[in-house]
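Computed from a prediction, not measured in an experiment: that's the story for all the values here. All heavy atoms count here, side chains included; hydrogens, waters and symmetry mates do not. Below, chains carry the letters A, B, ... as their sequence lines are ordered, and counting in each starts from 1.
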Amino acid sequence: MPRLTAGFYQREDTVQIAKDLLGKILFTQFDGQVTAGRIVETEAYKAPEDKACHAYLNRNTNRTKTMFLPGGVAYIYLCYGIHHLFNVVTGPEGAAHAVLVRGLEPVEGVETMMLRRKHDRLKPQLTAGPGVMSMAMGIYKQYDATSLLAPDSPIWIEDAPPLDPEEMKAGPRIGVDYAEECAAWPWRFYQKDCRWVSRPR
DNA sequence: ATAATGATTCGCT
DNA sequence: GCGAATCATTATG
């Protein structure tokens, strides 16, 4: 399938993009090893009004500046000193919007993913969760600001049929209780009854 | 320069 | 269910 285009990523409505990313296929190729997974869980983050967004009130710092780039690059940062979290930057240049990818259904390179995770059996903990799915895909924060559109990019997303609306669920985002009224916003989207979604079953 | 704090995960109780 | 692991980023002095 073809890759998603700049037009897909650079739309203004990040919440819609978070929904549209469900079902698409995230690829990486590092050291000749191709791995891919079907996106089954996302969360939208949108400055300036979203208190859960790192760029709340359009705070433009050395870390958050990536989110201000035009849609179609990766925003990757270290969380809790341990986990590298992968986001897709969305919206036009100057809009600090991003979509966090939280869960993947493994599609290709499963052996490589299991090696990276030090797993010897295929189980949901391989890629269900934003920190672990990044590890399985070989994504680290040094790839922050990497383009998903460049022909030679090691990270890209391919198009795929959209999720059946019946299969899509929404709810509050995870781990953002500190964000006051924004914590309740239903900006987390996931495939119903999918074992590769991080939280419930 | 220092101190507080996470968009998490895993192991133990 | 609870708490440690672990460090870049951020705010503050």
Side-chain angles (χ1 to χ4, degrees), chain A residues 9 14-19 21-22 26 37 39-69 71 73-91 95-104 106 113-146 148 155 157 169-191 195-201:
Chain A
Y9 295 115
T14 296
V15 173
Q16 184 62 46
I17 297 173
K19 298 178 189 176
L21 278 170
L22 293 178
L26 174 65
I39 298 172
V40 297
E41 182 181 2
T42 61
E43 287 179 0
Y45 289 85
K46 192 173 186 291
E49 69 271 27
D50 178 10
K51 291 184 181 177
C53 180
H54 292 153
Y56 173 53
L57 299 179
N58 284 335
R59 276 188 319 200
N60 191 336
T61 65
N62 197 49
R63 176 175 64 159
T64 65
K65 65 184 179 189
T66 304
M67 275 199 278
F68 290 85
L69 296 174
V73 304
Y75 170 50
I76 303 164
Y77 74 97
L78 189 63
C79 186
Y80 295 103
I82 301 176
H83 305 289
H84 302 256
L85 269 53
F86 171 79
N87 301 249
V88 178
V89 173
T90 64
H97 303 172
V99 175
L100 172 68
V101 177
R102 296 185 53 92
L104 293 179
M113 293 192 206
M114 291 198 294
L115 276 174
R116 289 176 178 146
R117 294 277 292 124
K118 296 182 169 40
H119 284 192
D120 52 8
R121 286 189 186 180
L122 187 58
K123 49 189 177 186
Q125 293 96 301
L126 185 70
T127 54
V132 294
M133 83 91 192
S134 293
M135 182 182 293
M137 296 291 287
I139 293 172
Y140 300 94
K141 75 185 188 79
Q142 68 213 64
Y143 296 105
D144 180 50
T146 296
L148 308 178
I155 309 173
I157 302 177
K169 303 270 285 180
R173 295 170 293 180
I174 308 278
V176 298
D177 294 345
Y178 62 89
E180 303 173 33
E181 75 276 11
C182 308
W185 294 355
W187 282 9
R188 171 172 176 257
F189 305 98
Y190 55 99
Q191 181 174 334
R195 55 194 261 126
W196 304 102
V197 168
S198 69
R199 193 81 177 284
R201 273 295 314 281

message: Classify the ring geometry of A:Trp185 against A:Trp187: parallel below 30°, tilted from 30° to 60°, perpendicular beyond 60°.
response: tilted

- prompt: What is the per-nucleotide protein-contact pattern of nucleotides 5-13 of chain C, from the 5' end, where B denotes a base atom under 4.0 Å from a protein heavy atom, S denotes such proximity for sugar-phosphate atoms only, and - denotes neither?
  reply: BBBSSSS--

task: Would you grab the first and last nucleotide of DNA chain B (5' to 3') that comes under 4.0 Å of any non-hydrogen atom in chain A?
output: B:dG6 to B:dC10

Euclidean distance for C1', C:dG3 against B:dT5 (whole angstrom): 16 Å

message: The criterion is side-chain hydrogen bond (donor to acceptor under 3.5 Å, both in side chains); which residues satisfy it with A:Thr146, sequence neighbours excluded?
response: none

query: What pairs with A:Ala184 under side chain to side chain contact (heavy atoms under 4.5 Å, CB included), at least two apart in sequence or on another chain?
result: none

query: Residues two or more places apart in sequence or in another chain: which of them pass side chain to side chain contact (heavy atoms under 4.5 Å, CB included) with A:His83?
result: A:Leu85

Could you pull out all donor-acceptor pairs under 3.5 Å where a side-chain atom in residues 125-143 of chain A meets a protein atom, sequence neighbours excluded?
residue	atom	partner	partner atom	Å
A:Thr127	OG1	A:Leu104	O	2.6
A:Ser134	OG	A:His84	O	2.7
A:Ser134	OG	A:Pro130	O	3.1

field: Pairs where residues 55-65 of chain A contributes a residue and the test salt bridge (Lys or Arg N to Asp or Glu O under 4.0 Å) is met, not counting sequence neighbours
entry: none

Counting only pairs under 3.5 Å, give me each side-chain donor-acceptor contact of residues 44-53 of chain A, with atom names and distances, residues two or more places apart or in other chains.
residue	atom	partner	partner atom	Å
A:Tyr45	OH	A:Glu43	OE1	2.6
A:Lys46	NZ	A:Glu49	OE2	3.4
A:Asp50	OD1	A:Ala52	N	3.0
A:Asp50	OD1	A:Arg173	NH2	3.0
A:Asp50	OD2	A:Lys46	N	3.3
A:Asp50	OD2	A:Arg173	NH1	2.7
A:Lys51	NZ	A:Glu180	OE1	3.0
A:Lys51	NZ	A:Glu181	OE1	3.4

field: Listed partners of A:Thr42 passing side-chain hydrogen bond (donor to acceptor under 3.5 Å, both in side chains), at least two apart
entry: none

query: Should stems be defined as at least three consecutive Watson-Crick or G-U pairs with both distances under 3.5 angstrom, which of them involve DNA chain C?
result: B:1-6 with C:7-12, B:8-12 with C:1-5

- prompt: If you look at every strand shown and take non-hydrogen atoms under 4.0 Å, does A:Leu85 touch a base, only sugar-phosphate, or nothing?
  reply: sugar-phosphate

Sequence neighbours excluded, every pair satisfying salt bridge (Lys or Arg N to Asp or Glu O under 4.0 Å) that has a member inside residues 117-126 of chain A: none

Rounded distance [0.5 Å steps], CD1 in A:Ile157 versus CG in A:Leu21: 5.5 Å

